Amino acid sequence: MASYPYTKSRFEVAPYIETSLPIGVCAFDIGLRYEYWNISDGANYKELMPRFSFNFANEQGTTYYLTIARHFSMPTLYQMFGESAYLSINPDLKAEKGWDYEIGIKNAESKNPWSAGIFYINLDDKINYVTTDPSSWKGQYRNVDKYRAWGFEANYQWNWHENWSLTPAISFTKGEEKYAASRWVRSGEPRWKASVILGFKKNGWTASLSGLFYADRTFGEDNYYKYDSGNIFTMDFSLAKKIKDLTLQFAITNLFNKEYFTSKDGYLNPERRFIFKATYDL
C-alpha cells in the first residue's frame with residue numbers, strides 16, 4: 001500500500017493535582033488533570049478530567065475500592081493526517097470522551113500481592129476506520145456515536161522464591177459500538193487477554209520474561225459483518241542493573257517478531273524492537 005509522507009506536530013500541556021482525604025478508616029482520593037493540545041493544521045482541544053476514588057482497607061491489608069474517572073483520549077497524528085491509496089485525512093477528528101467506572105478488591109501488602117475488579121466504560125466519539133468509497137475501499141478515521149464496554153480483570157503475583165516471581169493475569173472485555181441510529185454491534189478489541197510474567201531480582205539485577213495472549217478476536221456479528229482474525233501470542237524480555245543512582249536497562253519487545261493486525265481497523269503491531277535506556281535518580 002503506497003504511503004505519502006506528512007509532517008505535522010502537536011504540543012501538549014497536562015498539569016495534574018491529587019489529594020487524599022481520610023474519612024474514619026476510609027480514604028477519599030480526588031484527582032484533577034487538565035490537558036491542552038495544540039495541533040498543527042488541526043482542531044485544538046482542552047479537557048478537564050476529574051478522578052474520584054473511595055477506598056476502605058481492613059486490618060489484613062485488603063483494600064476495597066470504587067473509582068470514577070473522566071476518560072479523554074486524543075487521536076494519533078496518523079489517524080488525523082495519514083494518507084494512502086486506502087486512507088484519506090481527517091484533520092477535524094475529535095478526541096474520545098466519556099467515563100470509566102471500576103470497583104474491586106486488592107492486597108498489595110501481602111507476601112503474594114493480588115487484585116481483582118470489574119469495570120464499565122461509556123464513551124462518545126470513539127475513533128474507528130470507516131470505508132467511505134466501497135468501490136475502492138478507501139476510507140478515513142471517524143468518530144462513532146457511542147461505545148460501551150464492561151469486563152473484569154485479575155492478577156496474582158506468586159513470589160515462590162526470594163529472587164523469583166510468577167505473575168499471571170487475565171481480563172475479559174465485552175465492547176459494543178454504534179453509528180448514529182444504527183444498532184449496537186460488537187467492537188473490534190479482543191475479548192480475552194491473558195499474560196504471565198516470570199520475574200527475577202538479585203543484587204541490583206532485575207529481569208523479566210513476559211508472554212501475552214489475545215483470544216476471541218471475532219469482529220462484528222453474523223447478520224452484519226463478521227471477521228475472525230485469529231489468536232495472538234507474543235513475548236517481551238527485559239534486563240536491568242541498578243548501580244547506586246544509575247539504572248541501565250535493555251529490553252526486547254515482540255521477541256519473535258510476529259506480525260499481526262491489532263484490530264479490524266488494520267493497525268499492524270509494532271515490529272521487534274531493541275531498547276537501551278539509562279536513568280539517573282537525582
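Not measured: the values here are computed from a predicted model.
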For [X], I'd like to know if atom [atom1] has over 12 heavy atoms of other residues, nucleotides or ligands within 6.0 Å.
X    : atom1 : result
K201 : NZ    : no
I17  : CD1   : no
K241 : NZ    : yes
K46  : NZ    : no
E18  : CD    : yes

Less than 4.0 Å between a side-chain N and a carboxylate O, is that true for [Y] and [X]?
X    : Y    : result
D125 : K94  : yes
E177 : K146 : no
R33  : E35  : yes
D216 : R186 : yes

Looking only at atom types and distance, does a side-chain atom of [X] sit under 3.5 Å from a main-chain N or O of [Y], one as donor and one as acceptor?
X    : Y    : value
Y129 : G139 : yes
N58  : G61  : yes
S110 : N112 : yes
R272 : L255 : yes
E102 : I118 : no
K258 : F233 : yes
N90  : Y141 : yes

Please find the pair of heavy atoms, one from [X] and one from [Y], that lie closest to each other, and give the distance.
X    : Y    : value
F56  : C26  : CD1-SG, 3.7 Å
Y147 : S187 : CE1-OG, 3.5 Å
L123 : W99  : CD2-N, 4.4 Å
I89  : E83  : CG2-CB, 4.0 Å
I127 : P75  : CD1-CB, 3.4 Å
F81  : P91  : CE2-CB, 3.7 Å

Distance in Å, [X] [atom1] paired with [Y] [atom2], rounded so as to fall on 0.5 Å steps:
X    : Y    : atom1 : atom2 : value
K202 : H161 : NZ    : NE2   : 8.0 Å
K193 : I232 : NZ    : CD1   : 11.0 Å
W160 : K111 : CH2   : NZ    : 12.5 Å
I252 : F237 : CD1   : CZ    : 6.5 Å
N163 : N203 : CG    : CG    : 8.0 Å
T67  : I103 : OG1   : CD1   : 9.5 Å

Is any side-chain heavy atom of [X] closer than 4.5 Å to a side-chain heavy atom of [Y]?
X    : Y    : result
R51  : R70  : no
K242 : T247 : yes
L87  : Y78  : yes
T63  : N107 : no
Y34  : E47  : no
D100 : F119 : no
T62  : I105 : yes
R10  : L77  : yes

Return yes if a side-chain donor-acceptor contact under 3.5 Å exists between [X] and [Y], otherwise no.
X    : Y    : value
S238 : Q249 : yes
Q157 : N159 : yes
N254 : D236 : no

Item to complete: Could you tell me how the ring of F250 sits relative to the ring of F274: parallel (under 30°), tilted (30 to 60°) or perpendicular (over 60°)?
Response: parallel

Worksheet entry | Aromatic plane relationship, F152 with W192 - under 30° parallel, 30 to 60° tilted, over 60° perpendicular | perpendicular

Item to complete: Please find out if less than 6.0 Å separates the ring center of Y45 from that of W37.
Response: no

Worksheet item: Is the distance between the ring centroids of Y120 and W150 less than 6.0 Å?
Response: no

Can you get from [X] to [Y] by hopping between Ile, Leu, Val, Met, Phe, Trp and Tyr side chains that sit under 4.5 Å apart?
X    : Y    : answer
F11  : M74  : no
L198 : F213 : no
F200 : W158 : yes
L209 : L239 : yes

Discussion item. For a side chain to side chain contact (heavy atoms under 4.5 Å, CB included) check, start with the C-alpha distance between M235 and L212, then their side-chain angles and the critical distance, and finish with the verdict.
Written reply: CA-CA 6 Å; M235 295 189 71; L212 180 62; over 6 Å; no

Item to complete: Go through the steps to decide whether D29 and F52 satisfy the test side chain to side chain contact (heavy atoms under 4.5 Å, CB included), and finish with yes or no.
Response: CA-CA 6 Å; D29 299 330; F52 309 99; over 6 Å; no

Worksheet entry | L166 vs V196, side chain to side chain contact (heavy atoms under 4.5 Å, CB included): CA-CA, chis, key distance, verdict | CA-CA 7 Å; L166 191 68; V196 61; 3.7 Å; yes

Worksheet entry | L21/I30 under side chain to side chain contact (heavy atoms under 4.5 Å, CB included): CA gap, chis, key distance, verdict | CA-CA 8 Å; L21 305 175; I30 304 174; 4.1 Å; yes

